[in-house]
Amino acid sequence: MRASAVSPETPPAPTGPPLLGLRALTKRFTDPAGRERTVVADFELEVAPGEFCVLIGPSGCGKSTVLSMVAGLEQPSAGEVLVDKVPLAGTDPRTGFVFQQDAVFPWKTVLANVAAGPRFRGVGRREAARQAGDWITRVGLEGFEQHYPHQLSGGMRKRVALAQTFVNRPGLLLMDEPFSALDAQTRQIMAGELLALWESLGASVLFVTHDLEEAIALADRVVVLTARPAAVKREFVIDLPRPRAPREIRFLPRFAQLHEEIWTALSDEVHTAYAQATAAG
C-alpha cells in the first residue's frame, strides 16, 4: 500500500514540521527503597524539520522516558525540551504519539476511533468523518470503517493507530516501538506504509526501536544511546536513497556496512546493560 498524494480538500497543518532540541535533558526517579535513580543524563539532541531520527539503545536504557519528556507527559528533572527554540510547557498540539500498545478505544468503530482526534480539536462531526475516511483509505482499511478493534488483526489495529495519529497532521511524530508486537512479515509491511505516509506529511519524527535493521531502513539518522542512564553515544547519517522499500533496501552493500558500524557502537552498551540487569537481579 502506498499513501496517496495529500488531498487538496485536506486542510493544511497549522505550521510546518518543527525543529526539536533537547538540552542537557535529565530525568531522575525515586525507587521503592527511596533511592534516587537517574535514567536519562545530560541528553543532547537536535532533530531537523522533516527529519526521521531513530533512537536505538539497550533495553531499559531510558529511550521511552526521553520520548515521554518530549511529548510533555513527563517533566524533566533538569534540562529542557525546545520546540522551534521555545521551551516546551506541557503537551504541544502539533505532536502526535504512536505507542507500543494500541491506543484505540475498544468500544468505538474504526471510523469513530480515527474521527475522535478531529472531534476533540473542534472539527464538526461530518467533516471529522470525512477526514477520518480519507486516512482510513490511506492506511488500507477501506471497507472496515464499521468494524470494532476486536474484529481486526494486530496489523490492522496498528493501521488504525497510524490513521488516528496522522489524521491530526502532526508536525512532530513520536513513535515508541510501534511495530514490536507484530510478526516479522507484518513489521516490514508496516514500515513501508509508515514511510509512505510520512513522506506525504513531512513531519519531524523521533522513533524508538530495539531493532537495528528497522532503524537503518527507516531513518535519516540513527542515534545510539548508552546503557542507563541514557545519553547520546554516537550518531550515524543513513545515506541510503529515498523513497525506500524497507525489505529491498536491506540487500544493498551500504546497508550491511551501516549495520556493522552501528552494531559496533551499540554492542558494548548492550553488554553493559546486561551486566547492570544481572547485578540488579
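One is the number of the first residue; the rest follow in order along the sequence. Atoms considered below: every heavy atom in the structure, side chains included; atoms not considered: hydrogens, waters and symmetry mates.
- At least one side-chain heavy atom of L152 sits under 4.5 Å from a side-chain heavy atom of V160.
- Residues S204 and L20 form no side-chain contact, since every pair of their non-hydrogen atoms from C-beta on lies 4.5 Å or further apart.
- Annotation: side chain of K63 is not in contact with side chain of T209 (no heavy-atom distance under 4.5 Å).
- Legend: side chain to side chain donor-acceptor pair (under 3.5 Å) pairs involving residues 51-61, not counting sequence neighbours, sorted by first then second residue: E51-R221.
- In terms of the ring-ring contact (aromatic ring centres under 6.0 Å, His included) criterion, F255 has no residue partners (sequence neighbours excluded).
- Looking at I238 and R244, their side chains come closer than 4.5 Å, going by heavy atoms from C-beta outward.
- For the atom pair CD of Q75 and OG of S68, the computed distance is 11.5 Å after rounding to the nearest 0.5 Å.
- Residue pairs satisfying the ring-ring contact (aromatic ring centres under 6.0 Å, His included) criterion with at least one member in residues 184-219, sequence neighbours excluded, are listed as follows: F52-W198, F52-F207.
- For E80, the salt bridge (Lys or Arg N to Asp or Glu O under 4.0 Å) criterion is met by no residue, not counting sequence neighbours.
- With sequence neighbours left out, D31 forms a salt bridge (Lys or Arg N to Asp or Glu O under 4.0 Å) with R35, R37.
- Between atom CG of residue L25 and atom CG of residue L45 there is a gap of 10.0 Å, rounded to the nearest 0.5 Å.
- For D220 and R242, the salt-bridge test passes: some basic side-chain N is under 4.0 Å from an acidic carboxylate O.
- Between the side chains of D92 and T95, no donor-acceptor pair of N or O atoms lies under 3.5 Å.
- Within the structure, the ring-ring contact (aromatic ring centres under 6.0 Å, His included) test picks out no pair touching residues 232-254 (sequence neighbours left out).
- In E142, the CD atom is not crowded: 12 or fewer heavy atoms of neighbouring residues, nucleotides or ligands sit closer than 6.0 Å.
- Grouping the Ile, Leu, Val, Met, Phe, Trp and Tyr side chains by contacts below 4.5 angstrom, directly or via other members, places V232 apart from V205.
- Minimum heavy-atom separation, I249 to P246: CG2-O, 3.6 Å.
- Between M69 and P76, some side-chain heavy-atom pair lies under the 4.5 Å cut-off.
- The ring-ring contact (aromatic ring centres under 6.0 Å, His included) check on F166 picks up W135, with sequence neighbours excluded.
- Looking at residues two or more places apart in sequence or on another chain, you find a side-chain hydrogen bond (donor to acceptor under 3.5 Å, both in side chains) between S180 and Q100.
- One finds no salt bridge joining R130 and D134 here, because no Lys/Arg side-chain nitrogen approaches an Asp/Glu carboxylate oxygen to under 4.0 Å.
- Here the side chains of L258 and D239 are in contact, with some heavy-atom distance below 4.5 Å.
- Taking 4.5 Å as the limit, some side-chain heavy atom of I216 sits within range of a side-chain heavy atom of H259.
- In this structure, the side chains of E269 and L225 stay at 4.5 Å or more apart for every pair of heavy atoms.
- Every residue was checked against the salt bridge (Lys or Arg N to Asp or Glu O under 4.0 Å) condition with K108, not counting sequence neighbours, and none meets it.
- Annotation: ring-ring contact (aromatic ring centres under 6.0 Å, His included) contacts of F29 (sequence neighbours excluded): none.
- Pairing each heavy atom of A231 with each of A41, the nearest pair is CB-O, 3.6 Å.
- Contact between M190 and L182 at its shortest, heavy atoms only, is CG-CD1, 3.7 Å.
- Shown here are the salt bridge (Lys or Arg N to Asp or Glu O under 4.0 Å) partners of K158, two or more places apart in sequence or in another chain: D102.
- A salt bridge is defined here as a Lys NZ or Arg NE, NH1 or NH2 lying under 4.0 Å from an Asp or Glu carboxylate O, and R23 with E46 meets this definition.
- Alongside F105, the hydrophobic cluster contains W107 (criterion: ILVMFWY side chains under 4.5 Å).
- Taking CD1 of I56 as the reference point, atom CG of L212 lies at 4.5 Å (rounded to 0.5 Å).
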